[in-house]
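So the structure is just underneath, and the comments pick up after that.
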Number of protein chains: 2
Amino acid sequence: MTESRTGTPERDPESVSRFVEHFAAQLVEAGMARMPSRVFAALLASDTGTLTSAELGEQLKISPAAVSGAVRYLAQVHMVSREREPGSRRERYRVHSDQWYEALTSREAVIKRWEEALREGVAGLGADTPAGRRLAETLAFFEFIEQDVAQMMERWRAHREQKYGR
Amino acid sequence: MTESRTGTPERDPESVSRFVEHFAAQLVEAGMARMPSRVFAALLASDTGTLTSAELGEQLKISPAAVSGAVRYLAQVHMVSREREPGSRRERYRVHSDQWYEALTSREAVIKRWEEALREGVAGLGADTPAGRRLAETLAFFEFIEQDVAQMMERWRAHREQKYGR
DNA sequence: CCTTAACTTCACAAATTTCTGAAAGAAGCG
DNA sequence: CGCTTCTTTCAGAAATTTGTGAAGTTAAGG
């Protein structure tokens with residue numbers, strides 16, 4: 001990696017942009033809206049893991065309105081958190097790894113609603129019908145997953161600690 | 001559950017439809033397109049776990065073209081499989097639980113592409129930069145998940161076997 | 001208080017996606 | 001073969017989603 005004379009590794013905007021757009025495209029393909037995907041990718045690729053609205057707008061060439069909307073969504077699904085710079089009306093947005101891993105894997109709210117729909121389905125179709133049994137088994141699967149994913153995250157934390165040091 | 005005089009549990013189309021639309025709505029909210037979601041939910045709620053194109057079209061009040069498109073997508077992501085009724089040009093579509101649990105949890109292709117994008121990002125930004133390190137850790141997380149999810153599915157199969165008998 | 005910087009909301013134009021009807025394409029069956 | 005039944009493809013109308021500029025809101029700092 002090339003370095004500037006200050007000792008700070010240089011950030012090639014070209015490389016950053018290539019990653020941001022490429023990674024965002026994958027998120028879009030997985031069902032996430034375009035702006036939130038791009039904003040999130042930009043945060044991931046930032047040095048400090050935080051960016052202000054203005055920085056996001058400039059880097060991604062989007063309006064303040066678009067930043068606002070994207071960030072509202074990302075905060076809602078706990079993929080980023082918002083911070084107020086003390087003594088300023090400027091806002092900072094941050095990716096915090098642990099937080100977004102959780103958001104990604106558990107999707108708790110989503111799974112909970114799937115389970116709810118399945119429970120109603122079992123009740124409506126009858127637990128003793130073939131379809132009812134299928135729905136019940138699907139429900140059992142989700143319940144299992146939900147519980148097991150929590151354990152998986154613990155294993156991940158242990159794994160990372162061992163790999164990167166605490 | 002009420003039964004008809006034939007001994008077959010009755011399927012109240014009203015209940016079926018309520019479930020189908022409700023569950024499909026959750027899938028849509030999770031990022032899946034509307035028609036595939038509805039078709040999939042209808043299959044889940046069917047007695048045999050299979051339906052023909054015509055049945056799907058009639059039940060969901062959609063055109064043959066819409067069925068075709070939805071089913072093409074579902075087959076592509078391995079959530080349903082297509083079968084040819086022997087001695088007929090009629091096609092049947094089937095949900096097979098194991099199959100779609102796999103599809104849902106692993107999303108192998110998706111994760112692989114995420115990993116690829118992250119790897120390029122690490123290379124482009126430099127593994128020795130703060131951002132590069134963040135991407136590398138994210139990559140490590142996905143690699144860990146990918147491997148652990150496979151084990152989770154084995155645990156599920158064991159769990160189910162014990163719960164429902166093989 | 002007033003000014004001003006920053007974020008948010010809103011209405012709308014543009015782009016995209018979705019679903020349909022119609023036509024074309026397979027494949028069984030005589 | 002050719003008739004018939006089913007499925008797929010395709011062009012386009014309709015609906016939805018997206019992103020913007022402009023106006024509105026909030027709060028810091030005189």
Side-chain angles (χ1 to χ4, degrees), chain A residues 17 20-21 24-43 46 48 50-77 79-95, chain B residues 17 20-21 23-43 46 48 50-77 79-94:
Chain A
S17 178
V20 167
E21 297 308 329
Q26 305 309 317
L27 295 178
V28 168
E29 205 158 332
M32 194 155 116
R34 179 195 306 279
M35 286 295 138
S37 298
R38 298 180 70 212
V39 165
F40 182 75
L43 280 167
S46 67
T48 61
T50 75
L51 291 172
T52 64
S53 288
E55 288 166 339
L56 283 166
E58 189 191 7
Q59 188 182 331
L60 301 174
K61 300 271 188 288
I62 58 181
S63 71
V67 174
S68 175
V71 146
R72 167 153 33 91
Y73 171 80
L74 290 171
Q76 188 152 30
V77 300
M79 290 178 68
V80 311
S81 49
R82 358 174 41 125
E83 308 177 349
R84 203 42 166 275
E85 276 188 346
S88 156
R89 41 237 97 106
R90 194 173 278 146
E91 200 127 12
R92 293 192 88 72
Y93 307 105
R94 154 167 277 136
V95 226
Chain B
S17 177
V20 168
E21 297 307 330
F23 192 69
Q26 306 308 318
L27 295 177
V28 168
E29 205 157 332
M32 193 154 116
R34 179 193 306 278
M35 286 293 137
S37 298
R38 297 180 70 211
V39 165
F40 182 76
L43 281 167
S46 67
T48 61
T50 75
L51 291 172
T52 63
S53 288
E55 289 167 336
L56 282 167
E58 190 192 7
Q59 189 183 329
L60 300 175
K61 302 269 186 289
I62 58 180
S63 71
V67 174
S68 175
V71 147
R72 168 155 30 94
Y73 171 80
L74 290 170
Q76 188 151 31
V77 299
M79 290 179 66
V80 311
S81 49
R82 1 176 35 128
E83 306 178 351
R84 204 40 167 274
E85 276 188 348
S88 156
R89 28 239 98 112
R90 195 173 278 146
E91 200 126 14
R92 294 192 86 71
Y93 306 106
R94 154 167 279 136

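Atoms considered below: every heavy atom in the structure, side chains included; atoms not considered: hydrogens, waters and symmetry mates. To find a chain, count down the sequence lines: A is the first, B the second, and so on, and within it residues start at 1. In this text, all values refer to a predicted model and were calculated from it rather than measured experimentally.
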Taking CZ from A:R90 and C1' from D:dG29, how many angstroms apart are they, rounded to a whole number?
15 Å
Within this structure, what is the CD-to-C1' distance between B:E55 and D:dC6, rounded to whole angstrom?
14 Å
Take the protein atom CE of A:M32 and the nucleotide atom C1' of D:dT18, then report the distance between them rounded to whole Å.
15 Å
Respond yes when some side-chain nitrogen or oxygen of B:R72 is under 4.0 Å from OP1 or OP2 of D:dT9, and no when none is.
yes
Provide the closest heavy-atom pair for B:L27 versus B:F40 in the form atom of the first, atom of the second, distance.
CD1-CD2, 4.0 Å
Please determine whether a side-chain nitrogen of the Lys or Arg among B:E83 and B:R92 lies less than 4.0 Å from a carboxylate oxygen of the Asp or Glu.
no
Measure the spacing between CD1 of B:I62 and CE of B:M35 and express it to the nearest 0.5 Å.
5.0 Å
Quick one: does any side-chain atom of A:R38 pair with a main-chain N or O of A:L60 as donor and acceptor, under 3.5 Å?
yes
Specify the closest pair of heavy atoms between A:L56 and A:Y93, including all atoms of both residues, with the distance to one decimal.
CD1-CD1, 3.9 Å
What's A:R82 touching, base or sugar-phosphate or nothing? Going by heavy atoms closer than 4.0 Å.
sugar-phosphate
What string of B, S and - do you get for nucleotides 17-30 of chain C, 5' to 3', when a contact is any protein heavy atom under 4.0 Å?
-SSBB-----SSS-
A:L56 CG to D:dG19 P, in whole Å, measures 14 Å
Would you please name every residue forming a salt bridge (charged side-chain N to carboxylate O under 4.0 Å, His left out) with A:R82, sequence neighbours left out?
A:E91
How many Å lie between CD on A:E29 and P on C:dT16, as a whole number?
16 Å
Value in whole Å for how far the P atom of D:dT8 lies from OH of B:Y73
17 Å
Nearest-angstrom distance from the residue atom CD of B:E85 to P of D:dT5:
16 Å
What are the two closest heavy atoms between A:T52 and A:R90, and how far apart are they?
CG2-CD, 3.6 Å
Which is true for A:S68 with a 4.0 Å heavy-atom rule: it touches a base, it touches only sugar-phosphate, or it touches nothing?
base
A:E58 has an atom CD; how far is it from atom P of C:dA6, in whole Å?
13 Å
